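So the structure is just underneath, and the comments pick up after that.
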Amino acid sequence: MERGLAANTLSSYRRDLRRYRGFLAERGVVELAEINEALVTDFLMALREGDADHPALSAASAGRTVVAVRGFHKFCVRDGLSDVDPSSGVRPPSPAKRLPKALSLAQVEAILTAAGAPGTALSQRDRALLEILYGTGARISEAVGLDIDDLDLEEGTVLLRGKGSKERLVPVGSYARDAVGDYLTGARAALAGVGTGGPALFLNARGGRLSRQSAWTVIVRAAERAGVKAEVSPHTLRHSYATHLLEGGADVRVVQELLGHASVTTTQIYTLVTVDSLREVYAASHPRALD
């Protein structure tokens, strides 16, 4: 809480530490002084192997749990509850680097077109939502959390509130501005009239704020109507946004700021995608590319 982490992150850490406490209790450990590095290492191994009550965790999930445990022991040392940190030498497992699943520009355009096909208030909202997601790289929670005042159509900017309540101002392209403008001029008013009204930009059929789950459904259904066979999730348009920016020549640090990543290392995974594209172009174009 002192670090201003998101509620979902706090909930995950709380769940991780409960499991850690249960692990220690099974081994008869009741005092901080009894915990040593070997016990923390055994806990990590138990996470990776699983048991009758818990499935085996991936490297990423086990790593997050170890981070929670390390944070707990650092806290204990800092507050004088313990003299040593038995977790300091235990490193989280390194997850395998997975390439984000980015869509092609043609696939994105097909999905955006399919979202606004019927011409109803809801379809106008869906088109505006997806244009914002792809046009700004917003997380799904950031998009549904937008209020009308967060968007400046004249300046072409949107204020996004990311993890840990960190804010960033992101440019909005003309396609997204037009889609949101069309939605605001009639469709949103129609939806707001059904409910009690409110500041939310994206409303559901009952006039309340659109939920993350409903926004997910909007994306999946639009992809189905567009005939896109690739797996599409709330993060797909964000992945595609980042990949297309880098393929267009954007600097990785600029993309980092646009995405709201605390570290450029997080953003650099997208460069793995663009390197593959560059390699294909090189192989097809350069006279010395062939062995």
Side-chain angles (χ1 to χ4, degrees), residues 6-8 103 105 107-163 165-228 232-241 244 258-260:
N8 287 342
L103 300 172
L105 180 58
Q107 288 175 315
V108 171
E109 290 178 338
I111 291 174
L112 295 175
T113 300
T120 64
L122 289 177
S123 67
Q124 282 187 297
R125 178 208 63 190
D126 295 349
R127 176 64 180 265
L129 170 65
L130 268 58
E131 288 282 4
I132 284 292
L133 287 170
Y134 177 64
T136 67
R139 299 178 178 91
I140 196 74
S141 57
E142 295 170 345
V144 298
L146 285 173
D147 291 338
I148 294 178
D149 291 341
D150 293 329
L151 195 68
D152 189 330
L153 293 180
E154 290 187 7
E155 290 292 329
T157 58
V158 62
L159 181 65
L160 299 175
R161 295 175 181 83
K163 295 181 178 180
S165 300
K166 293 179 181 177
E167 296 183 347
R168 67 186 188 280
L169 200 63
V170 177
V172 183
S174 61
Y175 286 93
R177 293 202 306 270
D178 291 344
V180 173
D182 292 342
Y183 163 65
L184 289 175
T185 55
R188 188 191 177 281
L191 295 174
V194 179
T196 57
L201 175 60
F202 297 113
L203 302 178
N204 58 31
R206 297 180 300 281
R209 185 181 294 274
L210 188 70
S211 68
R212 288 191 303 171
Q213 292 78 8
S214 296
W216 182 319
T217 303
V218 168
I219 298 170
V220 172
R221 287 180 177 173
E224 290 175 350
R225 288 197 298 270
V228 174
V232 177
S233 72
H235 251 48
T236 302
L237 294 180
R238 178 172 162 87
H239 289 330
S240 303
Y241 167 86
H244 295 167
L258 292 172
L259 293 174

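Just so it is clear, the model here is predicted, and its values are computed rather than measured. Excluded from the calculations below are hydrogen atoms, water molecules and symmetry mates; all remaining heavy atoms, backbone and side chain alike, are included.
- Side-chain atoms of Pro171 and Leu258, non-hydrogen and from C-beta on, do get closer than 4.5 Å to each other.
- Heavy atoms of other residues, nucleotides or ligands lying less than 6.0 angstrom from CZ of Arg221 number 12 at most.
- Nearest heavy-atom pair, Val170 versus Tyr241, reported as atom, atom and distance to 0.1 Å: CG1-OH, 4.2 Å.
- A pairwise comparison of heavy atoms in Ala222 and Leu130 identifies CB-CD2, 4.0 Å as the closest pair.
- For Ala215 against Ile140, the heavy-atom pair with the smallest separation is CB-CD1, 3.5 Å.
- Here Lys166 contributes atom NZ and Leu160 contributes atom CG; the two are 14.5 Å apart, rounded to the nearest 0.5 Å.
- In this structure, Val180 and Val158 have side chains that are not in contact, with every pair of non-hydrogen atoms separated by 4.5 Å or more.
- Minimum heavy-atom separation, Ala128 to Ala179: CB-O, 3.8 Å.
- Within the 4.5 Å cutoff, no side-chain heavy atoms of Tyr134 are placed close to those of Ile111.
- Of the listed residues (Leu210, Ile148, Asp126, Leu191), just one forms a side chain to side chain contact (heavy atoms under 4.5 Å, CB included) with Phe202, and that residue is Leu210.
- In this structure, the separation between OG1 on Thr113 and CZ on Arg127 is 5.0 Å, given to the nearest 0.5 Å.
- A distance of 10.5 Å separates NE2 in His235 from CD1 in Ile219, rounded to the nearest 0.5 Å.
- Shortest non-hydrogen contact noted between Tyr183 and Gln124 is CB-O, 4.0 Å.
- Put simply, CG on Leu153 and CZ on Arg177 are 7.5 Å apart, with the number rounded to the nearest 0.5 Å.
- Judged by distance alone, the side chain of Arg188 and the main-chain N or O of Leu203 form no donor-acceptor pair under 3.5 Å.
- In this structure, the side chains of Arg161 and Asp150 come closer than 4.5 Å at one or more pairs of heavy atoms.
- Side-chain contact between Val218 and Arg125 is present, with at least one heavy-atom pair separated by less than 4.5 Å.
- The heavy-atom pair separating Arg212 from Ser141 by the smallest distance is CD-CB, 3.7 Å.
- Under a 3.5 Å cut-off, the side chain of Thr157 and the backbone N or O of Leu169 do not form any donor-acceptor pair.
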Next item on the list: Under the side-chain contact (heavy atoms from CB on, under 4.5 Å) rule, what do Val108 and Thr236 come out as? Steps first, then yes or no, please.
Entry: CA-CA 10 Å; Val108 171; Thr236 302; over 6 Å; no
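- Residues Leu151 and Leu146 fail the side-chain proximity criterion, which asks for heavy atoms closer than 4.5 Å.
- Distance alone, capped at 3.5 Å, is enough to place a donor-acceptor pair between the Arg238 side chain and the Gly137 backbone.
- Rounded to the nearest 0.5 Å, atoms CD (Glu142) and CD (Glu167) are 11.0 Å apart.
- Rounding to the nearest 0.5 Å places CG of Leu103 at 11.5 Å from CD of Glu109.
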Item checked: Residues Leu184, Leu201; criterion side-chain contact (heavy atoms from CB on, under 4.5 Å); working and verdict -> CA-CA 8 Å; Leu184 289 175; Leu201 175 60; 3.7 Å; yes
Item checked: CA sep, side-chain torsions, deciding dist, call: Arg209, Asp147, salt bridge (Lys or Arg N to Asp or Glu O under 4.0 Å) -> CA-CA 9 Å; Arg209 185 181 294 274; Asp147 291 338; 2.6 Å; yes
